[in-house]
Protein chains: 2
Amino acid sequence: MEVHMAQPLTDDLGFLLSRASGQVVRATNAALAEHGLRVRSYSVLVLACEAAKGLSQRELATALALDPSQVVLLVDELVAAGLVERQAAESDRRTRLVVPTAEGCRVREAAGEAATAAVEAPLGLLGDSERDRLRDMLTRICTATA
Amino acid sequence: MEVHMAQPLTDDLGFLLSRASGQVVRATNAALAEHGLRVRSYSVLVLACEAAKGLSQRELATALALDPSQVVLLVDELVAAGLVERQAAESDRRTRLVVPTAEGCRVREAAGEAATAAVEAPLGLLGDSERDRLRDMLTRICTATA
DNA sequence: TATTGTTATACTCTATAACTATA
DNA sequence: TATAGTTATAGAGTATAACAATA
C-alpha cells in the first residue's frame, strides 16, 4: 500500500500554468488595448502578416487551436478595424484568404512592440537561456496532445 | 536605427503559455468532471483541505488571485455539494471560515489523483527535473507582478 | 473609516450544433 | 460525401461596482 502525500496547490503545475498564463494575458491585453486589439485578435493579425499570401480561416483555426466559428468573429473584428481583408481564393471558391492591409502591417508592428514590452513585467526575472528552455517545454506540452 | 525582426507567433512566450495552460486546464476539467468539480472549485477545495483550521474567503481570494466575489460563488457550489462548510469565526464576526467536510476530504483525494493522472497527457514528455525547473520559472512569473 | 462577504452586471472566452455553398 | 465558412446559443471565466454587516 502506497502512501499518497497530497501535493500542495502551489506546487501544482496546472495551477501555476494557468495562473502565469493569466498574468501574461492580462498584461498583454492591457498593452494591446491602445491598438484596439486583444490577445486573440492580435494572434490572428500576426499570423496573417507572417504568411506572404495570406491564410485561409481554416488554417488560422488550426494554427491557433481555435474553432473555425471563433475565427470568423475575430476576422470580422479585424476587417471592421481595417487591419485585414478577406480575399477570394483562386483555386477554391469556398476558402477566403485573410490578408493584412498596409495599416494592418503597421499596427501589427507597433502592437508587437507594445506586447513584448508589457510582458517584461511578469517575465523580467527570467534570463534569455531560461526563456529558451521555457519556450521549449511549453512547445512540447502544446504538441503532446494537439 | 535598429532592425526589428518580428518574432513568429510560435515563439511568443505569452502565446505558448496560454495555449499550454488551455491544454492542461481542459484535461484537468475533464478528469475532475466525474467528481463534480472544475479547476477553480477544485482549487478552493484543496486550499480548504490544506489549512488545518480553515481559511477565510478573503484568504482564499488572495491565495487564488481571484476576486472575493468569485470566491463566494465557488464556495456556494462546494457547500451545495456538501464538500465544505462555512463556519463563523470566533474572533471576527465578519469572516466566515471555509472548512472541508469529511466527504470533501475524500473527494479532494480522489479528485487530486484523477487530476494528476490526467495531466500526464500534456506533461508526459517532461522529465522530473524539467518539471522542477518549469515549476520554478512559473512561480517566479506569478510572483513577479502579483 | 476600512474590511468581509455578498449581489448584480457586463464582457470575454470556450464549446457545440446546425446550416450554406462549394468541392 | 466531405470541407470552408457562417450563424446561433449556452456555459464558464473575468472584471467592476455597489451594498450590508462588522471592525
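We name chains A, B, ... by the order of the sequence lines, and we start the count at 1 in each one.
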Practice task
List for me each residue that meets side-chain contact (heavy atoms from CB on, under 4.5 Å) alongside A:D132, sequence neighbours excluded, and say none if there are none.
Solution key: A:R135
Handout entry: Separation of C:dT6 P from B:L74 CG (nearest whole Å)
Key = 12 Å
Handout entry: Residue B:R86, side-chain heavy atoms: nucleotide from D:dG5, C:dG5, C:dT6 that is nearest
Key = C:dT6
Practice task
Please name the pair of heavy atoms, one in B:A118 and one in B:A27, separated by the smallest distance, quoted to 0.1 Å.
Solution key: CB-O, 3.7 Å
Which donor-acceptor pairs under 3.5 Å do side chains of residues 53-61 of chain B form with protein atoms, sequence neighbours excluded?
residue, atom, partner, partner atom, Å
B:S56, OG, B:R58, N, 3.4
B:S56, OG, B:E59, N, 3.0
B:S56, OG, B:E59, OE1, 3.3
B:Q57, OE1, B:R86, NH1, 2.5
B:E59, OE1, B:S56, N, 2.8

Handout entry: Distance in angstrom units between B:L64 CG and D:dG13 C1', rounded
Key = 14 Å
Problem - Distance in angstrom units between A:Q23 CD and D:dG13 C1', rounded - result: 16 Å
Exercise for the section: Report the residues that fulfil side-chain contact (heavy atoms from CB on, under 4.5 Å) with A:T62, sequence neighbours left out, ordered by chain and then residue number. Expected result: none
Practice task
Send over the distance from A:L60 CG to D:dG5 C1', rounded to a whole Å.
Solution key: 12 Å
Fill in the blank from the handout: When A:G22 and A:Q57 are each assigned the nearest nucleotide of DNA chain D, the 5'-most assignment goes to A:Q57
Practice task
In whole angstrom, give the distance that lies between atom CZ of B:R38 and atom P of D:dG11.
Solution key: 12 Å
Exercise for the section: Answer with base, sugar-phosphate or nothing: what part of the nucleic acid does B:R58 contact at a heavy-atom distance below 4.0 Å? Expected result: base
Practice task
In whole angstrom, give the distance that lies between atom CG of A:N29 and atom P of D:dA15.
Solution key: 9 Å
Exercise for the section: Find the distance B:L73:CG to D:dT16:C1' and express it as a whole number of Å. Expected result: 14 Å
Practice task
With side-chain contact (heavy atoms from CB on, under 4.5 Å) as the test, would you mind laying out the steps for A:L13 and B:V119 before giving the verdict?
Solution key: CA-CA 9 Å; A:L13 278 176; B:V119 132; 5.8 Å; no
Practice task
Summarise protein proximity over nucleotides 14-23 of chain C in one line of letters, 5' to 3': B for base, S for sugar-phosphate only, - for none, counting protein heavy atoms closer than 4.0 Å.
Solution key: BBB----BBS
Exercise for the section: Could you tell me the separation between the CZ atom of B:F15 and the P atom of C:dC13, rounded to a whole number of Å? Expected result: 14 Å
Less than 3.5 Å apart, which donor and acceptor atoms pair up between the side chains of residues 35-42 of chain B and the rest of the protein, not counting sequence neighbours?
residue, atom, partner, partner atom, Å
B:R40, NH1, B:Q70, OE1, 3.1
B:S41, OG, B:R38, N, 3.0
B:S41, OG, B:R38, O, 3.1

Practice task
Work out how much the helix from C:dT1-D:dA23 to C:dA23-D:dT1 bends between its end axes, five pairs an end, to the nearest 10 degrees.
Solution key: 0°
Exercise for the section: Give a yes or no on whether the backbone of A:G82 and the side-chain of A:T101 come within a donor-acceptor separation of less than 3.5 Å. Expected result: yes
Handout entry: Intermediate values then yes/no, side-chain contact (heavy atoms from CB on, under 4.5 Å), B:L64 and A:L9
Key = CA-CA 10 Å; B:L64 296 168; A:L9 189 62; 3.8 Å; yes
Problem - Any donor-acceptor pair under 3.5 Å from B:E130 side chain to B:G127 backbone - result: yes
